[in-house]
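Have a look at the structure below, then the notes.
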Amino acid sequence: MQEEQNIYVGLMSGTSQDGVDIALTEIKSNNLKTIDAFTLCYPDEIRMLLKRLCQTNEKIYLKDIAEVEYSLGDFFSKAVLQLLDKHPNLRKRIRAIGTHGHTLYHLPKKPFPYSIQVGGAAILNARTGIKTVYDFRGADIANGGEGAPLVPAFHDWAFANTETEKIIVNIGGIANITILRNSGEILGFDTGPGNCLLDEWYEKNQGGKFDENGDYGASGFVNTKILSTMLDDEFFVRAPPKSTAREFFNIDYLYQKVGLQQIASCRPEDIQATLMALTATSITNSINKFTKNGQSEVYLCGGGVKNRGLTALLKKLLAPRSVKTTLVLGYEPDYIEAVAFSWLAYMRISELPVRVTTNPNFKQLILGSVCG
């Protein structure tokens, strides 16, 4: 008797540019079980290549795109093969891999809407022999949508119920929220910077990749004038659907928005504290604007959960709502997006439409291209 092929792999390389999250899941109709999940950090050569290619004013050649496409395809393949070595008995039951790839540039607005992800899907398929689903944003953007964020569709599938209103806050490089109303309505969009500005500022001033536990930010004081200046931006008042990326929220944006002189007059740790407040306040403002339910349950996920200063500030600003992590719901906060892309692969292979929150013209779309 042939074993049922109901195992999926999900890969997520986010705007933090630190590595790839990989998840192995078992999916049966309305039930998902995470079998394994881990992160493989990028070697310095890949991390620096991604960082350079994502700079807005960097001169980029076609060979650079080819190099990162191959490098990521090779790295992702090794990640999947490492996963398979851990679970050899499940190899024949894996139906597909869902890979987000890594976003180099995201600009879903006219006159030339597009979103570029690299990740070597063909290499991944060739090296593993497993059907690979990729380019999840393309169909949405082609039909007038933002192409991102895509995880609200999974949040809806995994967490929605008619009893309570849930809000899922995903804090990666960019932050996004999903509001799951008890009426069955769903709203999901990017709220602005998550960790991206925090990481860039910390690397520039402290030389590390990120502020461990948020201790550096907690040592500073919020500059309310700078915070107010940054919050006075068109993106924060724009109605959803909306998405953004590092091309917009980066350290150059900080200097242009606030001014070099004003930044230079502050202690670096005060800027770190102010950027942390920007992330927390923009998330809170978005939640308050689109839900008046003070009893909503808020669940955090993504790398930002590890920033204790950020999570403490969110709990303070979002009170009296309860604020917990998605671990309470049965999902590791670090791996929700990787799990989501395994689910998106399941939806595409099953030819099921995804309930999108990114498109003013469509409520459901078949997402993803298939290789293999």
For this session: Count the heavy atoms of every other residue, nucleotide or ligand shown that sit under 6.0 Å from OH of Y114, and state whether that count exceeds 12.
Result: yes
Exercise. Is there a donor-acceptor pair under 3.5 Å between the side chain of D199 and the backbone N or O of G173?
Worked result: no
Exercise. Within the side chain of S282, is there an N or O that forms a donor-acceptor pair under 3.5 Å with the backbone of L278?
Worked result: yes
Exercise. Taking all non-hydrogen atoms of both residues, which atom of M347 and which atom of P353 are closest, and how far apart?
Worked result: CE-O, 3.2 Å
Problem set entry | Min side-chain heavy-atom separation L40-I22 under 4.5 Å | no
Exercise. If you count the non-hydrogen atoms of other residues, nucleotides and ligands that lie under 6.0 Å from NZ in K257, is the total more than 12?
Worked result: yes
Exercise. Going through the checks in order, is the side-chain contact (heavy atoms from CB on, under 4.5 Å) test met by E269 and N205?
Worked result: CA-CA 9 Å; E269 58 267 39; N205 291 278; over 6 Å; no
Exercise. Does atom CD of E351 have more than 12 heavy-atom neighbours, drawn from other residues, nucleotides or ligands, at distances under 6.0 Å?
Worked result: no
Exercise. Is it true that a side-chain atom of E26 and a backbone atom of I7 form a donor plus acceptor pair closer than 3.5 Å?
Worked result: no
Exercise. Are the ring centres of F235 and Y253 closer than 6.0 Å?
Worked result: no
Exercise. Measuring from T274:OG1 to L197:CG, what's the distance to the nearest 0.5 Å?
Worked result: 11.5 Å
Problem set entry | Residue among L198, I171, N213 satisfying side chain to side chain contact (heavy atoms under 4.5 Å, CB included) with N307 | L198
For this session: Could you please spell out the steps behind the side-chain contact (heavy atoms from CB on, under 4.5 Å) verdict for H102 and C54?
Result: CA-CA 10 Å; H102 191 91; C54 292; 4.2 Å; yes
Problem set entry | R91 CZ to L81 CG distance, which is reported to the nearest 0.5 Å | 8.5 Å
For this session: Working to the nearest 0.5 Å, report the span between CG of L180 and OG1 of T164.
Result: 9.0 Å
For this session: Indicate the ring-plane relationship of F290 and F189, choosing parallel, tilted or perpendicular according to the 30° and 60° boundaries.
Result: perpendicular
Exercise. Are the charged groups of K209 and D18 less than 4.0 angstrom apart, N to O?
Worked result: no
For this session: Quick one: pull up CD1 in I366 and CD in Q364 and give me the separation to the nearest 0.5 Å.
Result: 8.5 Å
Exercise. Is the closest basic N to carboxylate O distance between E247 and K109 below 4.0 Å?
Worked result: no
Exercise. Within the side chain of R348, is there an N or O that forms a donor-acceptor pair under 3.5 Å with the backbone of G368?
Worked result: yes
Problem set entry | Closest contact, heavy atoms only, P43 versus F75 | CD-CE1, 3.6 Å
Seminar exercise, completed: Between the CZ atom in R137 and the CD atom in Q117, the distance rounded to the nearest 0.5 Å is 4.5 Å
Exercise. If you draw a 6.0 Å radius around CD in E163, do more than 12 non-hydrogen atoms from other residues or ligands fall strictly inside?
Worked result: no
Exercise. Minimum heavy-atom separation for S115 to I141, with atom names?
Worked result: CB-CD1, 3.4 Å
Exercise. Does G147 offer a backbone N or O that forms a donor-acceptor pair with the side chain of D140 under 3.5 Å?
Worked result: yes
For this session: Output yes when a side-chain donor or acceptor of N250 lies under 3.5 Å from a complementary backbone atom of R246, and no otherwise.
Result: yes
For this session: Give the cluster check for I349 versus L150: same hydrophobic cluster or not, with ILVMFWY residues linked at side-chain heavy-atom distances below 4.5 Å.
Result: yes
For this session: Could you tell me how the ring of W157 sits relative to the ring of W343: parallel (under 30°), tilted (30 to 60°) or perpendicular (over 60°)?
Result: tilted
For this session: Decide if atom NZ of K289 counts as having more than 12 heavy atoms of other residues, nucleotides or ligands within a radius under 6.0 Å.
Result: yes
Problem set entry | Within-4.5 Å side-chain heavy-atom neighbours: S13 and F76 | yes
Exercise. Is there a donor-acceptor contact under 3.5 Å from the side chain of N125 to the main chain of I130?
Worked result: yes
Exercise. Are I177 and F154 in one and the same hydrophobic cluster, where Ile, Leu, Val, Met, Phe, Trp and Tyr link if side-chain heavy atoms are under 4.5 Å apart?
Worked result: no
Problem set entry | Minimum heavy-atom distance R267-G220, with the two atoms named | NH2-CA, 4.1 Å
For this session: Measure from the ring center of F210 to the ring center of Y202 and say whether it is less than 6.0 Å.
Result: no
Exercise. More than 12 foreign heavy atoms under 6.0 Å from CD of Q295: is that the case here?
Worked result: no
For this session: Mind running side-chain contact (heavy atoms from CB on, under 4.5 Å) on E185 and I179 for me, showing each step along the way?
Result: CA-CA 8 Å; E185 293 179 280; I179 299 173; over 6 Å; no
For this session: Spell out, yes or no, whether L317 and V169 are grouped together once hydrophobic residues are joined by side-chain heavy atoms under 4.5 Å, including indirect joins.
Result: no
Problem set entry | Polar side-chain atom of S350 near backbone of L352 as donor-acceptor pair, under 3.5 Å | no
Exercise. So I226 and Q262, side-chain contact (heavy atoms from CB on, under 4.5 Å) or not? Walk me through it.
Worked result: CA-CA 8 Å; I226 291 178; Q262 190 169 3; 3.5 Å; yes
Exercise. For residues E146 and T358, is any side-chain donor paired with an opposing acceptor at under 3.5 Å?
Worked result: no
For this session: Would you indicate whether the side-chain heavy atoms of M230 and L275 approach each other to under 4.5 Å?
Result: yes
Exercise. Under a single-linkage definition using a 4.5 Å side-chain heavy-atom cutoff for Ile, Leu, Val, Met, Phe, Trp and Tyr, are V20 and L53 assigned to the same hydrophobic cluster?
Worked result: yes
For this session: Determine, using ring centers only, whether F249 and F236 are less than 6.0 Å apart.
Result: yes
Exercise. Hey, does K166 have a side-chain heavy atom less than 4.5 Å from the side chain of L329?
Worked result: yes
Exercise. Just by modelled atom types, is the Y216 backbone N or O under 3.5 Å from a matching donor or acceptor in the D211 side chain?
Worked result: yes
Problem set entry | T178 side chain reached by T357 side chain, heavy atoms, under 4.5 Å | no
For this session: Report the residue from V323, L327, I336, T326 that forms a side chain to side chain contact (heavy atoms under 4.5 Å, CB included) with Y299.
Result: T326
Problem set entry | Neighbour count >12 (heavy atoms, 6.0 Å) for atom NZ, K86 | yes
Problem set entry | Nearest heavy-atom neighbours spanning G194 and T279 | O-OG1, 2.8 Å
Exercise. Among side-chain atoms of E165 and T291, is any donor-acceptor pair under 3.5 angstrom?
Worked result: yes
For this session: Indicate yes or no: does D74 engage R127 in a salt bridge with an N to O separation below 4.0 Å.
Result: yes
Exercise. Hey, any chance Y105 and L49 share a hydrophobic cluster, counting ILVMFWY side chains that come within less than 4.5 Å of each other, even indirectly?
Worked result: yes
Exercise. Among I97, L11, L24, which one satisfies side chain to side chain contact (heavy atoms under 4.5 Å, CB included) with L83?
Worked result: L24
Problem set entry | Side chain R321, main chain N293, donor-acceptor under 3.5 Å | yes
For this session: Compare every heavy atom of W201 with every heavy atom of P268, then report the nearest pair and how far apart it is.
Result: O-NE1, 2.9 Å
Exercise. Side chains of E297 and V328: does their closest heavy-atom pair fall under 4.5 Å?
Worked result: no
Exercise. Under 3.5 Å, is there a donor-acceptor pair linking the side chains of S342 and T25?
Worked result: yes
Seminar exercise, completed: NZ (K204) and CG (L254) are apart, to the nearest 0.5 Å, by 10.0 Å
Exercise. With distance as the sole criterion, is a donor-acceptor pair present between the side chains of D270 and N223 under 3.5 Å?
Worked result: no
Exercise. Heavy atoms, side chains only, cut-off 4.5 Å: are N6 and I27 in contact?
Worked result: no
